[in-house]
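The structure presented is a predicted model; accordingly, all values stated were derived computationally and were not measured. FYI, side chains are in, hydrogens and waters are out, and symmetry mates aren't considered; it's all heavy atoms of this structure. Just so it is clear: chains get the letters A, B, ... in the order the sequence lines come, proteins before strands, and each one is counted from 1.
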Amino acid sequence: MNYWLMKSEPNVYSINDLAQEKQTIWEGVRNYQARNFLRQMQLEDLAFFYHSHTKNPGIVGLMKIVKNNLADPTQFDPNNQYYDPKSTSESPRWQTVLVEFVQIFPEIITLSKLKQEFSEEQLLVIKKGNRLSVMPIEKKIAEKILTF
DNA sequence: GCCAACGTTGGC
DNA sequence: GCCAACGTTGGC
């Protein structure tokens, strides 16, 4: 079982939206490094939900991968902002996962708290200038975060 | 809202 | 293949 961190801007899609919907397809990732991580995700993997580009960024909850290796449907929709005319249904360029809500943490684990607890090598998300929206988290680090 | 940092694009 | 120009991300 692997652990991941996935970013979303809460004014676009927040942990509360996921708590209501219960499941969502993680659409719109158009960065190859992030996509490669999405491709590696396995059923039952856990992912931390991170709120970015907001007043109080940090980890706000937990979700579970319930379907992996899905073609991102938005790549085929010409009216969608994530439409990719170079992608075909025979060989989709962008894969993603279906995630399921697990929990909202009682308190946000803020970026500044994460910076206090971990080094940049231990936790990529705290590295300045990091723009990756999907990244792996080492098991030991993830288990420590779960105790906060 | 600002702007540093980064990824992508495209001319050469 | 290099790299300047550009667009986007995301902390502050």
At under 4.0 Å between heavy atoms, what does A/Lys115 touch on the DNA or RNA strands: base, sugar-phosphate, or nothing?
-> sugar-phosphate
Hey, which of these two, A/Tyr32 or A/Lys128, hits DNA chain B nearer its 5' end, going by closest nucleotide?
-> A/Lys128
Report yes if the distance between the aromatic ring centroids of A/Trp94 and A/Tyr32 is under 6.0 Å, otherwise no.
-> yes
Which part of the nucleic acid does A/Lys55 contact within heavy-atom distance under 4.0 Å: base, sugar-phosphate only, or nothing?
-> nothing
With the 4.5 Å side-chain cut-off for hydrophobic clustering, are A/Phe76 and A/Ile25 part of the same group?
-> no
Would you say the side-chain atoms of A/Glu27 and A/Thr74 include a donor-acceptor pair closer than 3.5 Å?
-> no
Would you say A/Asn31 and A/Val134 make side-chain contact, with heavy atoms under 4.5 Å?
-> no
Quick one: are A/Gln95 and A/Leu38 in side-chain contact, heavy atoms under 4.5 Å?
-> no
When every nucleotide of nucleotides 1-10 of chain C is labelled 5' to 3' by its protein contacts under 4.0 Å (heavy atoms), B for base, S for sugar-phosphate only, - for none, what sequence of letters results?
-> ------BBSB
